Number of protein chains: 2
Amino acid sequence: MTYDQLKQTALIQFAQLGFEGASLSVIANEVGIKKQSIYTHFKSKDDLYIQTFHDATDYEIDFVKQFIEDQGSLKLREVLSKFLTEYLERFEKNNNMKFFMRTSFYPPVKHEEVIKMGSNKFVDRLESLFTALFEQNSDLLKANITPETAALAFLTMLDGLLVELIYGIPERLQKRSKQSWSVFWRGISNESGEL
Amino acid sequence: MTYDQLKQTALIQFAQLGFEGASLSVIANEVGIKKQSIYTHFKSKDDLYIQTFHDATDYEIDFVKQFIEDQGSLKLREVLSKFLTEYLERFEKNNNMKFFMRTSFYPPVKHEEVIKMGSNKFVDRLESLFTALFEQNSDLLKANITPETAALAFLTMLDGLLVELIYGIPERLQKRSKQSWSVFWRGISNESGEL
DNA sequence: GATTACCTTACGACCGTTCGGAAGGTGGCT
DNA sequence: AGCCACCTTCCGAACGGTCGTAAGGTAATC
């Protein structure tokens with residue numbers, strides 16, 4: 001369906017070039033139609049953009065939710081480190097994430113409000129999912145570390161690594177994620193042993 | 001001088017709207033000249049952009065370097081937490097930082113290479129400055145934590161908080177920076193006491 | 001007299017958007 | 001079966017507007 005192809009192609013273009021940088025004629029070209037035909041499916045460039053954004057938001061939320069649910073049996077430590085690596089790897093292959101991040105970071109001024117609501121919805125979801133996860137394993141936490149503290153510190157670290165992902169130097173990301181993770185784990189866990 | 005005014009105004013415009021979103025006529029207007037007169041000082045929009053970027057890079061590097069030097073007498077813990085708060089506060093008032101971040105994160109495709117070199121220069125400088133700082137205080141670190149590990153974890157946390165800054169919800173930033181900091185400090189320091 | 005800073009005028013390219021119509025498919029009616 | 005009305009999808013042509021850029025002229029400064 002052309003409608004879906006358009007959204008998919010728009011996603012890639014917006015992710016790479018931003019709202020202003022992306023061009024309807026290029027998008028149409030890529031899909032194999034003329035740019036005027038876009039208006040059969042979307043009433044404007046803005047319409048295409050925010051529809052794509054809402055899809056992307058739902059998709060991102062689903063991914064995280066699904067991931068957490070699927071790891072029910074694993075230990076906290078494994079769940080977290082697996083999430084870290086998988087989420088970071090996902091960035092490479094998944095344009096949805098790239099688009100969502102770019103749009104959330106730097107929305108076009110006229111859509112700022114709508115987009116902020118969407119990305120906040122996502123962040124809130126993230127926070128509550130991870131807070132719940134740490135609550136279930138609160139016996140593993142240091143005495144002074146609450147589940148919320150652990151969750152927010154984890155997510156901040158995650159954001160920091162995402163930034164490194166955007167910079168796009170794999171070796172540096174590798175190093176940073178390894179080192180950050182070890183500091184984070186030492187910071188929250190009440191394990192006495194090493195490793 | 002018009003030349004400097006142009007760069008200063010361009011900085012703001014590029015920071016708020018990105019390269020493609022910013023318009024020469026608006027920039028000229030703001031300075032109080034006609035847009036064609038820009039070409040007296042810069043040979044193209046690209047020229048204006050990358051000159052602004054190089055200025056911004058130098059400015060950012062200077063700030064961090066200067067900051068670290070100025071804190072010679074303070075304790076490690078104070079230097080770090082002071083840097084954290086000051087750097088985050090700086091974002092609000094300082095367009096240089098906003099511009100530099102936006103440009104580093106999402107450079108226009110045709111200038112990707114030049115900009116990546118610039119931002120890498122900055123990141124490398126940051127890493128070496130902070131690694132040196134932790135080396136001078138390596139007696140405060142946990143046995144298994146190297147100065148480099150501490151530095152990279154700190155900078156990753158900083159990046160994560162910068163992301164929160166971009167999202168622009170002060171209360172969330174407040175919470176996150178407090179919690180992340182406490183986890184980070186517990187993760188690297190060999191202090192036995194609390195707080 | 002040369003140089004500098006700014007102006008006016010104008011250009012072509014591309015932008016998003018609109019309109020009218022061609023083509024094809026679908027379903028109902030006789 | 002044949003006809004008709006309708007709807008969807010697409011395209012050609014064209015719109016107004018903005019973009020970055022060029023050339024040439026005019027004052028002021030050294």
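Everything numeric in this text was worked out from a predicted model, so none of it was measured. Each chain gets a letter, A, B and so on, in the order its sequence line appears, and its residues count up from 1. The figures that follow rest on heavy atoms only: side chains count, while hydrogens, waters and symmetry mates do not.
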- prompt: Separation of A/Leu6 atom CG from D/dC10 atom C1', in whole Å?
  reply: 12 Å
query: For DNA chain C, what residues of residues 27-37 of chain A have any heavy atom nearer than 4.0 Å?
result: A/Lys35, A/Gln36
- prompt: Using the C1' atoms of the five pairs at each end, what is the angle between the end axes of the helix from C/dG1-D/dC30 to C/dT30-D/dA1, to 10°?
  reply: 10°
task: Could you tell me whether B/Arg90 and B/Glu86 have a side-chain N and a carboxylate O separated by less than 4.0 Å?
output: no
query: Does the cation-pi check pass for B/Arg102 over B/Phe14, that is, NZ or CZ under 6.0 Å from the six-membered ring centre and within 45° of its axis?
result: no
task: May I ask you to list the residues of residues 15-25 of chain B, by number, that have any heavy atom positioned under 4.0 Å from an atom of DNA chain D?
output: B/Ala22, B/Ser23, B/Leu24, B/Ser25
message: Can you confirm whether the side chains of A/Tyr106 and B/Gln16 place a donor and an acceptor under 3.5 Å from each other?
response: no
statement: Minimal heavy-atom distance between B/Leu88 and B/Ser177, with the atoms involved, is CD1-CB, 4.3 Å
query: Hey, any chance A/Met101 and A/Phe67 share a hydrophobic cluster, counting ILVMFWY side chains that come within less than 4.5 Å of each other, even indirectly?
result: yes
Ignoring hydrogens and angles, write down the donor-acceptor pairs under 3.5 Å from the side chains of residues 162-174 of chain A, residues two or more places apart or on other chains.
{"residue": "A/Glu164", "atom": "OE1", "partner": "A/Arg176", "partner atom": "NH1", "Å": "3.4"}
{"residue": "A/Glu164", "atom": "OE2", "partner": "A/Arg172", "partner atom": "NE", "Å": "2.7"}
{"residue": "A/Glu164", "atom": "OE2", "partner": "A/Arg172", "partner atom": "NH2", "Å": "3.0"}
{"residue": "A/Arg172", "atom": "NH1", "partner": "B/Asn120", "partner atom": "OD1", "Å": "3.4"}
{"residue": "A/Arg172", "atom": "NH2", "partner": "B/Asn120", "partner atom": "OD1", "Å": "3.3"}

message: Tell me the interatomic distance from A/Tyr39, atom OH, to D/dC15, atom P, rounded to whole angstroms.
response: 17 Å
query: Is there side-chain contact between A/Gln179 and B/Thr156, with heavy atoms separated by less than 4.5 Å?
result: no
- prompt: Regarding A/Thr40 and A/Ser37, is there a side-chain donor-to-acceptor distance under 3.5 Å anywhere?
  reply: no
task: Check each residue of residues 43-51 of chain B for a non-hydrogen atom within less than 4.0 Å of any atom in DNA chain D, then write out the ones that pass by number, or none.
output: B/Ser44, B/Lys45
task: If the plane angle is over 60° it's perpendicular, under 30° parallel, otherwise tilted; pick one for A/Phe184 and A/Phe134.
output: perpendicular
- prompt: What are the bounds, 5' to 3', of the part of DNA chain C that sits under 4.0 Å from heavy atoms of chain B?
  reply: C/dA5 to C/dA10
message: Check for me whether the distance between the ring centres of B/Phe42 and B/Tyr3 falls short of 6.0 Å.
response: yes
query: Where do B/Asn95 and B/Ala15 come nearest, in terms of heavy atoms and distance?
result: O-CB, 4.2 Å
message: Using every non-hydrogen atom in the two residues, find where A/Thr52 and A/Leu11 come nearest and quote the distance to one decimal.
response: CG2-CD1, 3.6 Å
field: SB check A/Glu92 A/Lys98 (cutoff 4.0 Å)
entry: no
message: Between B/Phe100 and B/Tyr59 (judged by ring centroids, cut-off 6.0 Å), do the two rings come close enough to count as a pair?
response: no
message: Would A/Lys45 and A/Tyr39 count as a cation-pi pair here, with the cationic atom under 6.0 angstrom from the ring centre and within 45° of the axis?
response: no
